[in-house]
Amino acid sequence: MIAFRKTAAAFGAELVTSAEPSAPAEGEVLIAVVAAGICGSDLHAYEWTPGYEFMAAVLPVTLGHEFAGIVRALGPGVTGLAVGDRVTCWPTVACGRCAACRGGEPQHCQARNIIGLHRDGGFAGTVRAPAASCRRIPESLPLEVAALAEPLSVAVNAVDIAEASPGDRVVVLGPGPIGLGIAFVAQLRGARVLLCGLDDGVRLNLARELGIAHCIDLAGEALADAVTRVFDGPADRVMEATGAARSVSDGLAVLRSGGILVVAGIHSGHLDLDLTRFVRDKKQLRAAHDTTAQAFQTAIELLTAHAAVLSRLVTHRLPLTRAVEAFELARQRQAVKVLLLPQAESEAA
Ligand SMILES: [Zn+2]
Ligand SMILES: [Zn+2]
């Protein structure tokens, strides 16, 4: 089968012909991948930016952790899944043995593995995954939309961590897939949302199509001015989804005293923080990463209930054979979610 693999600790990844995965082991299934999304972390791995050195020990590895497909084979001991089931997968595999896992908080497992970063993932015709990580999806949910479950679940978790209440003034920084998801979920829960980008016309237009109330390009207006104009006061919550450390300090500056800022971006830089002001204003700085089992389930339900509107997040679909082109597209900010379709023929999809 064809697979898109990170083969060297350097820029890039390669389309290779690799062996079909062997029969599934105890507790595992084989999934024929129908759609797999390119994530910001795939781009970091591809570009080999700092923070992804851990992958050097697992290379070569097939990328892709946002996938949906059809169960093709069951390993020994698998119950609750059948061949032919349509599934998506929570790609984080906790160790099951550490204190966090035993305490029912696998999201805090320090020995967790991610399918598509630590072990072979979904940019391939077939992927092997633990049955316990698979989630059956409703018949009405297209597999291409189901492939958005992982990134949307990351957004749901970030909004959960922000503890936003109906009526809260929420600023979302960064209109990428995660920021768009955060804005959508926060607004659905009754928050007043202002989504900001920087030279981000295409993605902000998509945000308007998703129904986000206020979408502003900071190329034309300073953040503080935009927040005052839209909210007539500071924000109750700021959600950072840019990956630029500077946006955290900018976000803190428009946050009310006692407000919460959630950092959800993947950062390679350091934060310079005015601690005097931070402490006097009792601002709360929190981190959101990955997701929880509950947020993953919520994401599937949201995708099912809002499939038509959320499917707009998918801006490009390409066969797996065009993976390099797809990655180059995803690196530009013209795209939101780029899907690879391993079962598609090589013509443009
Ligand atoms: Zn992802
Ligand atoms: Zn663990």
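Counting starts at 1 for both ligands and their atoms, in listed order.
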Kindly give the atom name of the N, O or S atom of Glu150 closest to the Zn ion (ligand 1). OE1

Just say parallel, tilted or perpendicular for the rings of Phe327 and Phe4, cut-offs at 30° and 60°. tilted

Using 2.8 Å as a strict upper limit, say whether an N, O or S atom of His108 approaches the Zn ion (ligand 2) that closely. no

Donor-acceptor side-chain pairing of Gln187 and His214 below 3.5 angstrom: no

About how large, to 10 degrees, is the angle SG of Cys101, then the Zn ion (ligand 2), then SG of Cys109? 110°

Please tell me whether Thr292 and Asn157 have a donor and an acceptor in their side chains that are separated by less than 3.5 angstrom. no

Among Arg286, Arg189, Arg237, the one residue meeting salt bridge (Lys or Arg N to Asp or Glu O under 4.0 Å) with Glu163: Arg286

Expected output: side-chain Asp200 to main-chain Arg203 donor-acceptor under 3.5 Å: no

Geometry at the Zn ion (ligand 2) - Cys98 SG versus Cys95 SG angle, rounded to 10 degrees: 110°

Only N/O/S atoms count here: what is the atom of Glu66 closest to the Zn ion (ligand 1) called? OE2

